Amino acid sequence: MPEGHTIHRLAEDHLARFGGRPVRARSPQGKFSDSAALLDGRVLDTVDAHGKHLFLGFGDTGWVHIHLGLFGKVGFGDAPAPPPTDTVRLRLASDTAYMDLRGPTTCALITEPEKRAIHERLGPDPLRARPDGTGAPTGTGDDGERAWARISRSRTTVAALLMDQKVIAGVGNVYRAEVLFRHGIDPYRAGKDLTRSEWDAIWADLVALMREGVRHNRIDTVRPEHTPEAMGRPPRVDDHGGEVYVYRRARMPCLLCGTGIRTETLAARNLFWCPGCQAR
DNA sequence: AATGCATGCGCAG
DNA sequence: TGCGCCTGCATTA
């Protein structure tokens with residue numbers, strides 16, 4: 001499940017469920033036992049998310065840094081919490097709720113400087129962009145400038161650049177495929193051959209799409225005129241929920257032009273695109 | 001029961 | 001470029 005929208009949503013959900021109250025912390029699976037003991041009885045007072053990194057702030061005790069990797073999952077439930085299974089890396093529990101974390105790549109108790117170092121190696125995050133119309137001071141949120149500086153000088157493909165967390169943080173395999181489709185860009189185009197206006201449109205689109213992703217807790221990328229209802233086609237049946245144009249639609253006809261969706265492995269990940277709609 | 005696969009990433013070579 | 005890591009689920013036998 002984890003692209004940036006999942007992580008930002010998890011940050012909100014942790015704060016809503018556990019914020020401001022002491023939590024019980026355990027690591028049934030064992031790898032986080034020592035840190036869980038330090039956290040036990042502490043108060044969650046802040047949360048933060050940058051790209052696919054989640055941070056749970058416990059005051060002077062430090063930050064729990066979580067990265068879900070490919071398989072990591074968080075499950076929430078209401079009290080009373082059932083006995084955890086032995087794959088639960090971290091269980092947090094309050095009087096009203098519990099959370100089980102399984103299979104993360106990272107779950108570690110870190111310091112403020114260590115947290116800062118993580119932010120420094122990540123590119124701008126569309127979900128950390130300054131929301132429009134809030135009157136927030138300019139320059140307080142992420143924007144696409146730093147990403148553009150890298151992309152516009154790079155001979156690497158746009159597809160690879162979008163997945164590079166140092167270039168832009170939070171985009172994963174689904175948003176990558178979908179945003180390139182939405183802008184008619186061939187994934188193999190070199191970064192330096194992207195135009196400034198194309199990049200600006202991509203960044204703005206990611207800000208909007210990923211915010212919707214946080215809101216609905218799933219990835220939907222089809223425009224209103226291309227929804228199953230609008231087109232009179234059956235909704236997507238496969239597991240991952242959201243309505244998309246190309247992701248995991250290999251060999252199926254493009255919703256817009258009917259060309260067969262292509263797939264190829266790029267840097268060990270499955271890339272999907274429509275050769276009819278996406279030009280070089 | 002065994003195998004394959006996944007919305008990720010870091011490392012060795 | 002390929003491998004290992006972490007887990008759960010669907011598919012295959």
Side-chain angles (χ1 to χ4, degrees), chain A residues 1-11 27-33 35 49-55 64-77 84-91 99-108 110 114 117-123 125-127 156-157 159-182 187 206 209-222 236-251 261 263-273:
Chain A
M1 297 229 161
E3 295 196 25
H5 70 299
T6 303
I7 308 310
H8 284 255
R9 174 62 180 255
L10 284 175
S27 180
Q29 183 250 16
K31 285 191 184 173
F32 195 62
S33 296
S35 298
H50 188 162
K52 299 163 189 171
H53 297 256
L54 172 64
F55 303 94
V64 177
H65 171 217
I66 293 170
H67 193 293
L68 294 179
L70 193 49
F71 328 116
K73 277 188 174 54
V74 167
F76 289 109
T85 62
D86 57 12
T87 58
V88 173
R89 179 78 58 89
L90 171 62
R91 166 168 284 186
M99 166 310 275
D100 284 343
L101 169 68
R102 294 162 211 269
T105 291
T106 302
C107 176
I110 63 170
E114 288 169 331
I118 293 165
H119 290 294
E120 281 164 12
R121 61 179 168 76
L122 292 171
D125 179 348
L127 288 172
T156 306
T157 62
L161 289 164
L162 283 174
M163 293 282 279
D164 184 341
Q165 303 296 301
K166 296 186 293 300
V167 173
I168 177 170
V171 174
N173 209 14
V174 183
Y175 283 121
R176 159 178 80 174
E178 294 297 309
V179 81
L180 289 175
F181 177 88
R182 285 169 58 97
L206 285 170
L209 284 174
M210 293 176 76
R211 274 187 197 155
E212 280 303 287
V214 174
R215 185 193 302 270
H216 300 301
N217 211 4
R218 64 177 221 179
I219 300 178
D220 287 289
T221 60
V222 298
R236 196 166 188 234
V237 280
D238 93 33
D239 39 0
H240 298 285
E243 288 294 334
V244 293
Y245 289 106
V246 294
Y247 177 71
R248 280 205 184 181
R249 292 195 69 248
R251 290 173 296 283
I261 300 302
T263 185
E264 229 168 73
T265 302
L266 178 71
R269 308 305 302 284
N270 296 321
L271 177 62
F272 302 88
W273 80 102

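Proteins come first, then strands; the chains are lettered A, B, ... in the order of their sequence lines, and each starts at number 1. These numbers were taken from a predicted model, which means no experiment stands behind them.
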Inset, instruction - Check the distance between C:dC6's C1' and A:His65's NE2 and give it to me in whole angstrom. - result: 15 Å

Inset, instruction - To the nearest Å, give me how far apart CG (A:Leu266) and P (B:dG8) are. - result: 13 Å

Legend entry - Exercise: identify the closest heavy-atom pair between A:His53 and A:Leu122: CD2-CD1, 3.6 Å

Inset, instruction - Among C:dG8, B:dG8, B:dC9, find the nucleotide with the atom closest to the side chain of A:Thr87. - result: C:dG8

Inset, instruction - Of all the heavy-atom pairs spanning A:Thr221 and A:Arg182, show the shortest one and how long it is. - result: O-NH1, 2.6 Å

Legend entry - Atom-to-atom span, CZ of A:Arg269 to P of B:dC9 - whole angstrom: 8 Å

Inset, instruction - Examine B:dC9: is either OP1 or OP2 under 4.0 Å from a nitrogen or oxygen in the side chain of A:Gln165? Give yes or no. - result: yes

Inset, instruction - Calculate the interatomic distance between A:Asp164 atom CG and B:dG8 atom P; express it in whole Å. - result: 13 Å

Legend entry - Gap in Å between the two P atoms, one belonging to B:dG10 and one to C:dG8, rounded: 23 Å

Legend entry - Closest contact, heavy atoms only, A:Cys107 versus A:Pro104: CB-CG, 4.1 Å

Legend entry - A:Lys166 versus A:Arg121, closest heavy-atom pair with distance: CG-O, 3.4 Å

Legend entry - Whole-Å distance separating the CD1 atom of A:Ile168 from the C1' atom of B:dC9: 17 Å

Legend entry - Distance between P atoms of B:dA1 and C:dC6 (Å, rounded): 24 Å

Inset, instruction - Please determine, for C:dG2, whether a Watson-Crick or G-U wobble partner exists with both distances under 3.5 Å, and give it or none. - result: B:dC11

Inset, instruction - Give the rounded distance in Å between these two atoms: NE2 of A:His5 and P of B:dG8. - result: 10 Å

Inset, instruction - Identify whether any heavy atom of A:Lys166 sits under 4.0 Å from a base atom; if not, whether one sits that close to sugar-phosphate; answer base, sugar-phosphate or nothing. - result: nothing

Legend entry - Integer-rounded Å distance: C:dG8 P and A:Leu68 CG: 13 Å

Inset, instruction - Please determine if a side-chain N or O atom of A:Gln29 lies less than 4.0 Å away from the OP1 or OP2 oxygen of C:dT7. - result: yes

Legend entry - Per A:Lys52 side chain, nearest of listed nucleotides C:dC6, B:dC9, B:dA6: B:dC9

Legend entry - A:His67 side-chain N/O to B:dG8 phosphate OP1/OP2 under 4.0 Å: no

Inset, instruction - Choose from B:dC9, C:dT7, B:dG8 the nucleotide whose nearest atom is closest to any side-chain atom of A:Met163. - result: B:dG8

Inset, instruction - Nearest 0.5 Å please: distance from the CG atom of A:Asp125 over to the NZ atom of A:Lys52. - result: 10.0 Å

Legend entry - C:dC9 and B:dC9, which share atom name P, separated by this distance in whole Å: 22 Å

Inset, instruction - Kindly point out which of B:dG8, B:dA6, C:dC6 is positioned nearest to the side chain of A:Arg248? - result: B:dA6

Inset, instruction - Can you tell me the distance, in whole Å, between the CG atom of A:Leu54 and the P atom of B:dG8? - result: 16 Å

Inset, instruction - Could you check which of B:dC9, C:dG8, C:dC6 has an atom nearest any side-chain atom of A:Arg89? - result: C:dC6

Legend entry - Centroid under 5.5 Å and tilt under 30°, A:Phe71 to C:dC6: no

Legend entry - Phosphate OP1/OP2 of B:dA6 contacted by A:Asn173 side-chain N/O (<4.0 Å): no

Legend entry - N/O (side chain, A:Lys73) to phosphate O (OP1/OP2, C:dT7) under 4.0 Å: no

Legend entry - P gap between C:dA13 and B:dC5, integer Å: 12 Å

Legend entry - Closest contact, heavy atoms only, A:Val167 versus A:Leu161: CB-O, 3.7 Å

Inset, instruction - Would you tell me if any nitrogen or oxygen in the side chain of A:Thr105 comes within less than 4.0 Å of OP1 or OP2 on B:dG10? - result: no

